[in-house]
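Heavy-atom basis, side chains included; hydrogens, waters and symmetry copies ignored.
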Amino acid sequence: MSDSDISPQLHSAMSIPEYKQIIQDADNYLNDNFTHVAIDELVKMRSQFFDSLLLHLWQHTDLDNSISLNAIGGYGRQTLHPHSDIDLCLIFDKPLSNHDAAQIGHFFTQLWDIGLELGHSVRGLDEISAACAEDITIATSLLEIRHLAGPSAHAEQVLDTLYEDKIWSGEGFFRAKVDEQTQRHMKARGSAFSLEPNLKNSPGGMRDIQTLIWVARKYFAAADMAALRRFGFFTADEYAELLESQHFIWRTRWALHTAAQRAENRLLIALQSDVARLMGFGDNSNLAIEKMMRQLYRAMRRISELNQMLLQYFDHEILSQPEKPCQILNEHFEIKGRLIYARHDDVFVDRNQLIALFCHIAEHASEIDAIAPQTLRLIRQVRRRLLGDLQDFQQCRKGFVALFKHPEGMGLALSLMHKHGILASYLPQWREIVGQMQFDLYHAYPVDEHTHKLLKNLYALNSKSDDETLTLPSAIFSALENKETLLFAALFHDLAKGRGGDHSELGAVDALQFAKFHDLKPSQAKVIAWLVENHLLLSLSSQRLDIYDPSEVKNLAKTIGTKARLDALYCLTVADIKATNDDLWTNWKATLLRDLYMSIRHALRNGLENVLEQRAIVREHKNEALELLGNSNDTTAQDAIKQLWKRLPLSFFSSAKPQEIAHYSQALIEHGTQDELILIDESYTKGSSDLFVYMKDKPGLFVTLFNTLASLQISVQQANISKTKDGYVVESLKILDYDHQPISTASRRGRIKQKLRQVLFENKCIPKQRKNNQIGSFICEPKVEFLHSRKKDRTLISVTALDNPKFMSHFCQGFRQFDLNIHSARITTVGEQVDNVFLVSDRDGQPLDDKSKQALKSFFVDTIKEQHPIA
């Protein structure tokens, strides 16, 4: 098809309706040929049509020949879509007369009358330098100037001025365009992959390609992307990939303008069916949309990746930088200038190094911003050649699990794995949901992007937030023992969508297979599968049930079974809702879920927790601890451990990690089980320090320990205190120093242990506590409840209060005053709140009667109110 097919038939006496009809005929012709003419030809043909029309109108103006007509912006590039602005710049090199000004006004009025959508400016040639210096947007649009009529020297002079470094240096222009792109991406919330992507401004959109072209034109005087290939920035495959992706987005935008009948850049859900039909994906609405969107997301991912790679190459080429220090990680990788590099081109011949790369990124998260372009190119090359799944390699499986266990694994490392297609190369299920649409009123993202955001939301719970609705979930998440269990459940929660059937049930099966293949513990596998199958339980219950009905709460508690499951499910639900839609998480929703969580937790404490599940965990912890002790061939050592464990209470094994069980058991064997022992771990990278106290029980020990820690400005975040069968006390505590950080120095640990020995073992006086001036500003009334106890001769007391060290002394004062025996205690800090659960009996070893319960409750509430009045 030649250009003459839509060349307008023009004459001097045409009316406005005739001009409009000619434009309509041209648009109809182009739209009729949309499905079988290359898109780059269509946009160029439309530009050439308007070249002819504008020149005709220009020739019929009575303007001085010192004024030029020029196309700029997208029209200057000859990429004109159906409702794109026609960007014009009129340039004059001597003062405009009143006549010329009137003629210019008449020219633009004609264009508006015939229905053209204009972007226009009129500038003196001597004004352009100042305008470009003041506004880089003007400089950018003029870089694409194309002469139409009048003196051609104007356009040439503008380009000569812009190519010089007087207005914008190559370095300054590059930095400005990168900053502009960063801001544009931030407005798009960092993702192209919403269900209504912006074809122009989202990451991977048209602007990302244009940014590359602008920088190339300014610094390299390159006319187009083909020139960059000649300069060696592109390989032939990368250039073809960029063109293919660009052309698909152009076709989508052409169809979008046609369907919307306006200059629309957001691919709105209401228009997607029409756009898919126009692009030839068929009339089956959802299936057609699915096919179109998958291909669009693929194109935008490719553009985003190539944009990052090219800008990093430009950065190295354009910005003069000193030699960056190199940190060698191993024989395969190194860090230079906040980028991670492969040290040789054959690094990914060993497929295990693909996962190892992201483990290094997690390990050095504070030192790395991105993957170096050379290394990214190697990833792209090997990604095309992957014949099987990366998870088929044992070392890859180990690395993948290690990444999910690492505190920074869900940070930059996960995002880069997702962005560069490594998650899809690792998990076959992930490949199936890349770009998977969700046709409902709630989800704002396709399944893969939603899942990515969910994992990022869980990762964010590790950090402090100003959002008060996240205080409780953050505290719960921080206290979780095996966070990777929850993270793997989050990974699989929606991976079965689109297959037909219940995605929760299908996903649970996938999760079990994954857990077995990756050698996860049976208890972990069970919890992961349960979470996947029940990930909607709390959310749907909060919407559909009366969450304040005790019978409904009781049924939910029976379904959930354990507090560990409840904690994980609550965090998963919060992160899932926030990842579904940015507007879905509200104070009302947060309050409903919090109330439901608290009610179920109370029900579980009150006798509904699954005992068999807890015993299975105890067995598993013991077996793992034995493996860690590594004395399978030493029968004497094994017998000593077994004898020790017979004396220790089950609560010690259910609440402590296998590593802690092994460590404390070894210490007790070496130290002697009849001697008193205090340990503070030397590691301070876990978020808290571990304090372990083992000693003969004595009256008032509980309150003495807590008051001593308070006097040392140590706060207890979590505690499990229980008695052995032969009268010893085992106390395992998670503590923070005065600065709310783990105990970081050996000297500080030494002083704490010395003071505890003096008070606990030598009966010296407790140091005076420092006054906390902030305490009085909080509401101090505690909540006291008596829970169901499985032991008939014991009473289980729950006391919930603000995190205030003095409250503990009041509780213990009450226990002494009522002559109660404390058999075990469990303290958990959740945000600003501390949950205390005590197992007690009276002086005769019997449970408390109703009268004693009421008296004890009144003592707690009245004493604290009196000494810490409500503000």
* Asked: Looking at side-chain heavy atoms only, is the closest gap between Pro197 and Met293 below 4.5 Å?
  -> yes

* Short N-O contact, Arg46 and Asp27, less than 4.0 angstrom -> yes

* Check for a donor-acceptor pair, side chain of Arg77 on one end and backbone N or O of Gln210 on the other, with a separation under 3.5 Å. => no

* Asked: For Asn98, does the CG atom sit with more than 12 other heavy atoms under 6.0 Å from it, leaving out its own atoms?
  -> no

* **Geometric cation-pi criterion Lys218 and Tyr163, 6.0 Å radius, 45° cone** => no

* Report the residue from Tyr75, Phe107, Phe108 that forms a ring-ring contact (aromatic ring centres under 6.0 Å, His included) with His120. => Phe108

* Asked: Does any N or O in the side chain of Glu290 come within less than 3.5 Å of the main-chain N or O of Met437, such that one atom is a donor and the other an acceptor?
  -> yes

* To do: Check the pair Glu238 / Leu306 against side-chain contact (heavy atoms from CB on, under 4.5 Å), numbers first and verdict last.
  => CA-CA 8 Å; Glu238 289 163 354; Leu306 289 168; 4.1 Å; yes

* Can we say Glu180 and Arg207 salt-bridge, meaning some charged N sits less than 4.0 Å from an Asp/Glu carboxylate O? -> no

* Answer yes or no: are there more than 12 heavy-atom neighbours, outside Lys456 itself, under 6.0 Å from its atom NZ? => yes

* Beyond-backbone contact of Arg123 with Phe92, side-chain heavy atoms, under 4.5 angstrom -> no

* Asked: Regarding Asp62 and His99, is there a side-chain donor-to-acceptor distance under 3.5 Å anywhere?
  -> yes

* Less than 4.0 Å between a side-chain N and a carboxylate O, is that true for Arg253 and Glu264? -> no

* Asked: Under a 4.5 Å cut-off applied to non-hydrogen side-chain atoms, are Ile22 and Phe49 in contact?
  -> yes

* Test salt bridge (charged side-chain N to carboxylate O under 4.0 Å, His left out) applied to Asp51 and Arg146, step by step -> CA-CA 11 Å; Asp51 286 354; Arg146 181 168 60 88; 2.9 Å; yes

* So, do Asn70 and His147 sit near enough that their side-chain heavy atoms are less than 4.5 Å apart? -> yes

* Got a second to check how far Ser129's OG is from Glu134's CD, nearest 0.5 Å? -> 12.5 Å

* Pairwise side-chain contact, Leu142 with Cys89, heavy-atom cut-off 4.5 Å (strictly under) -> yes

* Regarding Lys336 and Gln327, is there a side-chain donor-to-acceptor distance under 3.5 Å anywhere? -> no

* To do: Indicate the atoms forming the closest heavy-atom contact of Trp168 with Cys132, along with that distance.
  => NE1-O, 2.8 Å

* Is it true that atom CZ of Arg383 has more than 12 heavy atoms of other residues, nucleotides or ligands lying nearer than 6.0 Å? -> yes

* **Closest approach of Gly282 to Ala288 (non-hydrogen atoms, all atoms of both residues)** => O-CB, 3.5 Å

* N/O donor-acceptor pair under 3.5 Å between Thr258 side chain and Trp254 backbone -> yes

* **Short N-O contact, Asp448 and Arg301, less than 4.0 angstrom** => yes

* Asked: Side chain of Tyr297, backbone of Ser194: donor and acceptor closer than 3.5 Å?
  -> yes

* To do: Take Leu30 and Glu41, measure what side-chain contact (heavy atoms from CB on, under 4.5 Å) needs, and give me the verdict at the end.
  => CA-CA 10 Å; Leu30 292 172; Glu41 288 188 41; over 6 Å; no

* If we only count heavy atoms from C-beta on, is the Leu88 to Leu111 side-chain gap below 4.5 Å? -> yes

* With Ile209 as reference, evaluate Asn307, Ile303, Leu310 under the side-chain contact (heavy atoms from CB on, under 4.5 Å) test and give the passing residue. => Ile303

* **Check: Asp135 side chain, Thr137 main-chain N or O, donor-acceptor pair, under 3.5 Å** => yes

* Asked: Looking at side-chain heavy atoms only, is the closest gap between Ile335 and Tyr341 below 4.5 Å?
  -> no

* Any chance you could lay out the side-chain contact (heavy atoms from CB on, under 4.5 Å) test for Leu271 and Arg266, step after step, and finish with the verdict? => CA-CA 9 Å; Leu271 298 172; Arg266 282 186 65 199; over 6 Å; no

* Is the backbone N or O of Leu195 less than 3.5 Å from a side-chain atom of Gln272, with the two atoms forming a donor-acceptor pair by type? -> yes

* Where do Leu162 and Leu143 come nearest, in terms of heavy atoms and distance? -> CD1-N, 3.7 Å

* Output yes when a side-chain donor or acceptor of Arg294 lies under 3.5 Å from a complementary backbone atom of Val434, and no otherwise. => yes

* Worked verdict on Ile340 versus Thr375 for side-chain contact (heavy atoms from CB on, under 4.5 Å) -> CA-CA 8 Å; Ile340 187 167; Thr375 306; 5.9 Å; no

* Nearest heavy-atom pair of Leu57 and Tyr19: which atoms, and what distance? -> CD2-OH, 3.4 Å

* Asked: Between Ser415 and His452, is any side-chain donor less than 3.5 angstrom from a side-chain acceptor?
  -> yes

* Asked: Do Ile128 and Thr161 have side chains that get closer than 4.5 Å, going by heavy atoms?
  -> no

* Just by distance, do the side chain of His257 and the backbone of His83 share a donor-acceptor pair under 3.5 Å? -> yes

* Asked: About how many Å separate CZ of Arg277 and CD1 of Ile289, when rounded to the nearest 0.5 Å?
  -> 11.5 Å

* For the student: nearest non-hydrogen atoms of Glu334 and Cys326, plus distance -> OE1-SG, 3.4 Å

* **Where Ile114 and Ile23 come nearest, the two heavy atoms and their spacing** => O-CD1, 3.9 Å

* Asked: Between Asp179 and Gln183, does any side-chain donor sit less than 3.5 Å from a side-chain acceptor?
  -> no

* To do: Decide, yes or no, whether a salt bridge links Arg377 with Glu305 under the criterion of side-chain N to carboxylate O below 4.0 Å.
  => no

* Can we say Asp64 and Lys94 salt-bridge, meaning some charged N sits less than 4.0 Å from an Asp/Glu carboxylate O? -> yes

* Asked: Are the side chain of Thr61 and the backbone N or O of Trp58 linked by a donor-acceptor pair below 3.5 Å?
  -> yes

* **Short side-chain to backbone donor-acceptor contact, His316 and Gln312, under 3.5 Å** => no

* Above 12 or not: heavy atoms from other molecules or residues under 6.0 Å from CD of Gln381? -> yes

